[in-house]
Amino acid sequence: MTAPLAGYVILDLTHVLAGPFCTMSLSDMGAQIIKVEAPRTGDDTRTFPPFKDGKSAYFAALNHGKKSIALNLKGDEDRAIFERLLGRADVIVENFRPGVMERLGYGWQDLHAAFPRLVYGAVSGFGHSGPDSKRPAYDMVVQARGGVMSITGEKNREPVRVGASIGDIVAGMFLSQGILAALLDRDRSGVGRKIDVSMLDSQLAILEHAVALTTVTGKAPGPSGARHPSVTPFETFHASDGLFVIAAGNDRLFEKLCIALNLPISDDPRFATNPARCEHARLLKRLIEAVTLDNTRAYWISRLTAAGIPTGPIQTVDQVLKDPQIIARNMVVDVLDKNGRQAYKAAGNPIKMSDAPDPTTRGPAPDLDGNRGEILRWLEQG
């Protein structure tokens, strides 16, 4: 079996999260990632806790299997090495503030003229155009400005940040999609393209129901807790020992739910259709919980699953890492150290592809400049 991106070389100038997440995904599909880092300091996440044996597990989770070379792109000797790397690369990825690469002499126009086949991927807070393009941003800034925080949290409470850094992660996902499309086009046309992904744009792109509600009703939705504002019942419910999830996403599933709960209300005009159920969502929740409070979460999850109703527990991360379905899908992998021993656990590759390898381990996270000799020998081999 051959990994789909085997043979592609990606120069990774990114740091922290959005860019490294993108290149990690491409690495999982077989691309060779050469991480170009600043001398002495390297990627900021090398200093992020938690640490194991003096090294950042956060950094390792995003950079396993990559190779590192430290280059000062303002120094002639290192620039010469970098330009040799550019001549061998298929893709360059950066997440500097717009203008930085141009000041170094490596902006899109310069690189495209010198290396016309090179695909250029850029991710930044606000993109490479618009009045705020040069403003700095982190995940929480774009979650807030992009509207995600305004719909996250409990009703009539202060907005909250989504627990995962989706401002960065979603932008990294969109960037990887753009790079793959540009590589496909490059392999047909012989000409590379620039991909410009904004973290702010990416937040708007995932707002789905919130955009639809706002544009149709003229009123922006607020936080709705665990409840979906456009589908009912689609939220958390109390059992005798805590919360679990029911997601009856259409009328047929709601009928099945009523049968499983022995709750004869599927023909009630207040609940017979999804729009009616949304209008009477609070009443419906009370009626359902009057039944579910009489037994445990495990009981109801088993009963509803048997009836074909989407349901499930609310798991903590340690429980997710032991979930039999997660384990069966090879979604928890070992990150090895340089001696081939297990050093960390990390999330596996969620893209399962026929006739492509899905290894249970990942190569070690690189030490800063730890692959300089190997990379220079590779360049010499030409």
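It should be emphasised that the depicted structure is a prediction, and the values quoted were computed from it without experimental measurement.
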When you check the side-chain N and O atoms of [X] and [Y], is any donor under 3.5 Å from an acceptor?
| X | Y | answer |
| --- | --- | --- |
| Gln319 | Thr316 | yes |
| Lys66 | Ser27 | no |
| Thr14 | Asn95 | no |
| Asp139 | Gln143 | yes |
| Glu37 | Ser68 | yes |
| Tyr299 | Asp241 | no |

Just say parallel, tilted or perpendicular for the rings of [X] and [Y], cut-offs at 30° and 60°.
| X | Y | result |
| --- | --- | --- |
| Trp108 | Tyr120 | perpendicular |
| Phe96 | His15 | tilted |
| Phe234 | His228 | perpendicular |

| query | Of Lys194, Lys134, Glu102, Arg97, which is the lone residue that meets side-chain hydrogen bond (donor to acceptor under 3.5 Å, both in side chains) with His128? | reply | Lys194

Where is the tightest heavy-atom contact between [X] and [Y], given as atom of each residue plus distance?
| X | Y | value |
| --- | --- | --- |
| Arg79 | Leu73 | NH1-O, 2.9 Å |
| Gly127 | Ser133 | O-CB, 3.1 Å |
| His209 | Ser230 | CB-OG, 3.9 Å |
| Val333 | Ala347 | CG2-O, 3.9 Å |

| message | For Glu255 and Arg252: C-alpha separation, side-chain torsions, deciding distance, then whether salt bridge (charged side-chain N to carboxylate O under 4.0 Å, His left out) applies. | response | CA-CA 5 Å; Glu255 291 174 12; Arg252 179 62 186 141; 3.1 Å; yes

Exam field: side chain [X] to backbone [Y], donor-acceptor pair closer than 3.5 Å:
| X | Y | result |
| --- | --- | --- |
| Glu289 | His238 | yes |
| Thr45 | Phe48 | no |
| Asp12 | Lys35 | no |
| Ser302 | Ala298 | no |

Straight-line distance of [X] [atom1] to [Y] [atom2], nearest 0.5 Å:
| X | Y | atom1 | atom2 | result |
| --- | --- | --- | --- | --- |
| Asp28 | Leu5 | CG | CG | 10.0 Å |
| Leu175 | Asp196 | CG | CG | 9.5 Å |
| Ile34 | Thr23 | CD1 | OG1 | 12.0 Å |

| query | Passes salt bridge (charged side-chain N to carboxylate O under 4.0 Å, His left out), Asp369 versus Arg372? Steps please. | reply | CA-CA 6 Å; Asp369 204 32; Arg372 172 177 284 268; 3.0 Å; yes

| Ring-ring centroid check Phe82 Tyr106, cutoff 6.0 Å |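 Yes: the rings meet the under 6.0 Å criterion.
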
| request: Answer yes or no for Arg277 and Phe271: cation-pi contact, defined as NZ/CZ to six-membered ring centre under 6.0 Å and angle to ring axis within 45°. | output: no

| task | State plainly whether the residues Asp53 and Lys55 are in salt-bridge range, i.e. N to O under 4.0 Å. | result |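 Salt bridge absent between Asp53 and Lys55.
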
